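Since the structure comes first, as structure tokens, the remarks are kept for the end.
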Amino acid sequence: MPTEWLMGLLGGGLIGLAAAMYLLLNGRIMGASGIVGGLVDGSGGFKSERAAFLAGLVIGPGVVVVLAGGAETHLTGNWGVVILAGLLVGLGTRLANGCTSGHGVCGLSRFSLRGFVATAFYLLAGGVTVVLAKHLWGVV
Amino acid sequence: MRNLYAFGAGGLFGIGLWVSGMTDTRKVIGWLDIFGDWDPTLAFVLGGAVGVMFVAWRIAAGRAAPALGGDFPEAPEPRLGRNLVLGSILFGMGWGLAGLCPGPAMASLSWGGGGGLLFLVAMLAGMLAAPPVRARLATEG
């Protein structure tokens, strides 16, 4: 089994542990888009808890990556694509009330129908988009 | 105390995202690129995370309340709506274009450079656009 797959499984386990901790201790669903979205548009409660979670989300890996000697996101240098993608991710996740962590990790694990439907559609749309943008148009 | 544990959960989540490769847009696009050089890593990430959370939901089912007080989240409505489908399609398109979803976009803020910051700002703008778009969709039936 390639190391990258093992790291994926290990990292996934850590993501699951974080979600389990947020559920069993704080009693909340660990959904990244919901936590930040409810804070920026003012629609969500328990604001200090959201802010604390987001601070940990930025600082935790930030410190670890410095200790590990740096990391690279390999994000496209085409800023038009970056802006369009960011807008789509922000609007889409808030319309759908969830993203990969909320609908995916927390939803699938409790056999939520909404989680399965959301995951099916964002995987499908993501796959089609990569095929079009990479193989047909060559923009990414 | 609640904030301290929330900070810890956020930190663990972010570290997991980096360890798993989710903050590397090449791996994410490689996973979505089923006609290219397909990278199955994300299946292991999702499998690992869902596996642990499956156990957590079982533990929660046997408890009256979260350890820090309050209530467990209510079961989601089983209702499937247009917003769920439309929103997930738009999200998937953005995810495929850049290879970033909301968690990794925030986790990689400290090393993602100007592009990462630009993505985050655009994502927040998209989030602010959602309530009016939602209201518009509702009035148009």
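Proteins get letters first, then strands, A, B, ... in listed order; numbering begins at 1 in each. Owing to the predicted nature of the structure, the values given are computational and were not obtained by experimental measurement.
- Interface residue B:D71: only backbone heavy atoms are found under 4.5 Å from chain A.
- More than 12 heavy atoms of other residues, nucleotides or ligands lie within 6.0 Å of CZ in B:R134, so this atom counts as buried by the packing criterion.
- The parts of B:I29 that come within reach of chain A are both its backbone and its side chain, each placing non-hydrogen atoms under 4.5 angstrom from that chain.
- Considering all non-hydrogen atoms of both residues, A:L88 and B:L90 come closest at CB-O, 3.5 Å.
- Using the six-membered ring where Trp is involved, B:F54 and A:F111 have ring planes that are perpendicular, over 60° apart on the 30 and 60° scheme.
- For chain B, the nearby part of A:V131 is the side chain; its heavy atoms alone come within less than 4.5 Å.
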Kindly indicate, with the supporting measurements, whether the criterion side chain to side chain contact (heavy atoms under 4.5 Å, CB included) is fulfilled by A:T76 and B:T25. CA-CA 8 Å; A:T76 174; B:T25 61; over 6 Å; no

Verdict with reasoning, A:M21 to B:Y5, per side chain to side chain contact (heavy atoms under 4.5 Å, CB included): CA-CA 8 Å; A:M21 189 176 157; B:Y5 283 108; 3.9 Å; yes

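- Contact annotation for B:L46: only side-chain heavy atoms (C-beta onward) come within less than 4.5 Å of a heavy atom of chain A.
- For the atom pair CE of B:M106 and CG of A:L54, the computed distance is 5.5 Å after rounding to the nearest 0.5 Å.
- Within 6.0 Å of CZ in A:F46 there are more than 12 heavy atoms belonging to other residues, nucleotides or ligands.
- Heavy atoms closer than 4.5 Å to chain B are found in the side chain of A:H135, but not in its backbone.
- Heavy-atom distances place the side chain of B:W18, and not its backbone, under 4.5 Å from chain A.
- Between A:K134 and B:D33 the shortest side-chain heavy-atom distance falls below 4.5 Å.
- In this structure, chain A has a heavy atom under 4.5 Å from the side chain of B:L109, while its backbone stays farther away.
- The distance from the CG atom of B:L4 to the CD atom of A:E49 is 11.5 Å, given to the nearest 0.5 Å.
- In this structure, B:K27 pairs ionically with A:E4, as a charged nitrogen and a carboxylate oxygen lie closer than 4.0 Å.
- Separating the CZ atom in A:F121 from the CG atom in B:L80 is a distance of 9.0 Å, to the nearest 0.5 Å.
- Residue A:A68 touches chain B through its side chain alone, counting heavy-atom pairs closer than 4.5 Å.
- In this structure the side chain of B:V19 reaches within 4.5 angstrom of the side chain of A:L14, judged on heavy atoms.
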Please assess B:F13 against A:Y22 for the test side chain to side chain contact (heavy atoms under 4.5 Å, CB included), listing each intermediate value before the final yes or no. CA-CA 10 Å; B:F13 177 42; A:Y22 207 44; over 6 Å; no

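- For A:S101, the part lying near chain B is the side chain, with the backbone staying farther off; criterion is any non-hydrogen pair under 4.5 Å.
- Side-chain atoms of B:P73 and A:R28, non-hydrogen and from C-beta on, never get closer than 4.5 Å to each other.
- Rounding to the nearest 0.5 Å gives a distance of 7.0 Å between CG of B:L32 and CG of A:L123.
- Counting heavy atoms from C-beta outward, A:L95 and B:L86 have side chains that approach closer than 4.5 Å.
- In this structure, A:V89 and B:L100 approach most closely via the heavy-atom pair CG2-O, 3.8 Å.
- How far CE of B:M1 is from CG of A:N26: 10.5 Å, rounded to the nearest 0.5 Å.
- At a threshold of 4.5 Å between non-hydrogen side-chain atoms, the residues A:I15 and B:S20 count as touching.
- Listed options A:V81, A:V128, A:L84, A:V82 were ranked by heavy-atom pairs under 4.5 angstrom with chain B; first place goes to A:V82.
- Chain B forms the most heavy-atom pairs under 4.5 Å with one residue out of A:G42, A:G92, A:A20, and that residue is A:G92.
- For the pair B:L84 and A:A118, the tightest heavy-atom approach, listed with the atom from each and the gap, is CD1-CB, 4.1 Å.
- A 4.5 Å side-chain heavy-atom check between B:F44 and A:L10 finds every atom pair outside the cut-off.
- The two residues A:P61 and B:G11 make their nearest non-hydrogen contact at CD-O, 4.1 Å.
- The shortest distance between side-chain heavy atoms of B:F7 and A:I59 falls below 4.5 Å.
- Closest non-hydrogen pair, B:A130 versus A:R94, comes out as CB-CB, 3.4 Å.
- Heavy atoms only, all atoms of each residue included: B:F119 and A:A85 are closest at CE1-C, 3.7 Å.
- Using a 4.5 Å heavy-atom cutoff, the side chains of A:V36 and B:L124 are in contact.
- Taken to the nearest 0.5 Å, the OG1 atom of A:T73 stands 13.5 Å off from the CE atom of B:M22.
- If you measure heavy-atom distances from A:A19 to chain B, the contacts under 4.5 Å come from both the backbone and the side chain.
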